[in-house]
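As C-alpha coordinates, the structure follows; a few thoughts come after it.
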Amino acid sequence: MSATTRITVTLPTEQVAELKKLTDNVSGYVAEAVARQIRHQLLADDLRRYQEEQGQFTDAELSEAHARIFGSAGTAGSASAA
(Lines give C-alpha, C1' and ligand atoms only; values in the text may rest on other atoms or scores of the structure.)
Protein backbone atom coordinates (compact mmCIF):
# COMPACT_ATOMS: atom_id res chain seq x y z
CA MET A 1 0.00 0.00 0.00
CA SER A 2 1.33 3.45 -0.85
CA ALA A 3 1.98 6.08 1.77
CA THR A 4 -0.83 8.50 2.52
CA THR A 5 -1.06 11.98 3.99
CA ARG A 6 -4.12 13.30 5.76
CA ILE A 7 -5.33 16.68 4.48
CA THR A 8 -8.43 18.79 4.95
CA VAL A 9 -10.50 19.68 1.91
CA THR A 10 -13.44 22.04 1.87
CA LEU A 11 -16.26 21.14 -0.53
CA PRO A 12 -19.73 22.52 -1.08
CA THR A 13 -22.26 20.78 1.17
CA GLU A 14 -24.26 19.58 -1.84
CA GLN A 15 -21.21 17.85 -3.30
CA VAL A 16 -20.47 16.09 -0.01
CA ALA A 17 -24.07 14.85 0.16
CA GLU A 18 -23.85 13.49 -3.40
CA LEU A 19 -20.46 11.92 -2.69
CA LYS A 20 -21.84 10.07 0.32
CA LYS A 21 -24.68 8.73 -1.86
CA LEU A 22 -22.13 7.37 -4.34
CA THR A 23 -19.61 5.77 -2.01
CA ASP A 24 -18.83 4.75 1.53
CA ASN A 25 -15.15 5.45 0.83
CA VAL A 26 -15.03 9.20 0.21
CA SER A 27 -11.23 9.31 0.56
CA GLY A 28 -10.77 6.59 -2.05
CA TYR A 29 -13.26 8.23 -4.39
CA VAL A 30 -11.55 11.62 -4.10
CA ALA A 31 -8.09 10.03 -4.47
CA GLU A 32 -9.17 8.36 -7.73
CA ALA A 33 -10.69 11.62 -9.00
CA VAL A 34 -7.45 13.46 -8.24
CA ALA A 35 -5.37 10.72 -9.92
CA ARG A 36 -7.60 10.90 -13.02
CA GLN A 37 -7.24 14.69 -13.15
CA ILE A 38 -3.45 14.45 -12.80
CA ARG A 39 -3.30 11.91 -15.66
CA HIS A 40 -5.50 14.19 -17.76
CA GLN A 41 -3.25 17.19 -17.09
CA LEU A 42 -0.06 15.24 -17.82
CA LEU A 43 -1.50 13.96 -21.10
CA ALA A 44 -2.59 17.47 -22.08
CA ASP A 45 0.92 18.75 -21.30
CA ASP A 46 2.48 15.96 -23.41
CA LEU A 47 0.15 16.67 -26.34
CA ARG A 48 0.81 20.40 -26.14
CA ARG A 49 4.59 19.81 -26.01
CA TYR A 50 4.41 17.40 -28.97
CA GLN A 51 2.53 19.97 -31.06
CA GLU A 52 5.02 22.69 -30.14
CA GLU A 53 7.85 20.45 -31.39
CA GLN A 54 6.14 18.67 -34.32
CA GLY A 55 3.38 21.05 -35.40
CA GLN A 56 -0.37 20.84 -35.13
CA PHE A 57 -2.06 17.47 -35.53
CA THR A 58 -3.48 16.93 -38.99
CA ASP A 59 -7.12 16.03 -39.58
CA ALA A 60 -5.96 12.54 -40.58
CA GLU A 61 -4.02 12.10 -37.32
CA LEU A 62 -6.99 13.31 -35.29
CA SER A 63 -9.34 10.96 -37.16
CA GLU A 64 -7.00 8.02 -36.58
CA ALA A 65 -6.71 8.84 -32.88
CA HIS A 66 -10.49 9.12 -32.59
CA ALA A 67 -10.94 5.75 -34.32
CA ARG A 68 -8.39 4.09 -32.03
CA ILE A 69 -10.00 5.51 -28.90
CA PHE A 70 -13.67 5.14 -29.80
CA GLY A 71 -13.56 2.60 -32.61
CA SER A 72 -14.96 3.16 -36.04
CA ALA A 73 -17.67 1.54 -38.16
CA GLY A 74 -15.08 -0.35 -40.22
CA THR A 75 -13.04 -1.72 -37.29
CA ALA A 76 -15.24 -3.86 -35.06
CA GLY A 77 -13.75 -4.39 -31.63
CA SER A 78 -10.86 -1.95 -32.00
CA ALA A 79 -12.09 0.10 -29.05
CA SER A 80 -11.22 -2.75 -26.67
CA ALA A 81 -7.53 -2.69 -27.62
CA ALA A 82 -5.68 -0.52 -25.14
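FYI, side chains are in, hydrogens and waters are out, and symmetry mates aren't considered; it's all heavy atoms of this structure.
Residue pairs satisfying the ring-ring contact (aromatic ring centres under 6.0 Å, His included) criterion with at least one member in residues 17-52, sequence neighbours excluded, are listed as follows: Tyr50-Phe57. The stretch residues 7-24 participates, sequence neighbours left out, in these salt bridge (charged side-chain N to carboxylate O under 4.0 Å, His left out) pairs: Glu18-Lys21.
In terms of the side-chain contact (heavy atoms from CB on, under 4.5 Å) criterion, residue partners of Thr58 (sequence neighbours excluded) are, by chain and number, Ala60, Glu61. Residues satisfying the side-chain hydrogen bond (donor to acceptor under 3.5 Å, both in side chains) test with Asp46, not counting sequence neighbours, are Arg49. A search for side-chain hydrogen bond (donor to acceptor under 3.5 Å, both in side chains) contacts involving Arg36 returns nothing, not counting sequence neighbours. For the side-chain contact (heavy atoms from CB on, under 4.5 Å) test, residues two or more places apart in sequence or in another chain that qualify with Val30 are Leu19, Val26, Val34. Gln41 meets the side-chain hydrogen bond (donor to acceptor under 3.5 Å, both in side chains) test with Asp45; sequence neighbours excluded. Under the side-chain contact (heavy atoms from CB on, under 4.5 Å) criterion, Ile7 pairs with Thr5, Val9, sequence neighbours left out. Residues passing the side-chain hydrogen bond (donor to acceptor under 3.5 Å, both in side chains) test with Gln51: none are found, sequence neighbours excluded.
Ion pairing between Glu64 and Arg68 holds under the 4.0 Å rule for side-chain N and carboxylate O.
Atom CG in Leu43 sits 13.5 Å away from atom CD1 in Ile38 (nearest 0.5 Å).
A single hydrophobic cluster is not seen to contain both Leu62 and Ile69; linkage of ILVMFWY side chains at heavy-atom distances under 4.5 Å, directly or through other members, places them apart.
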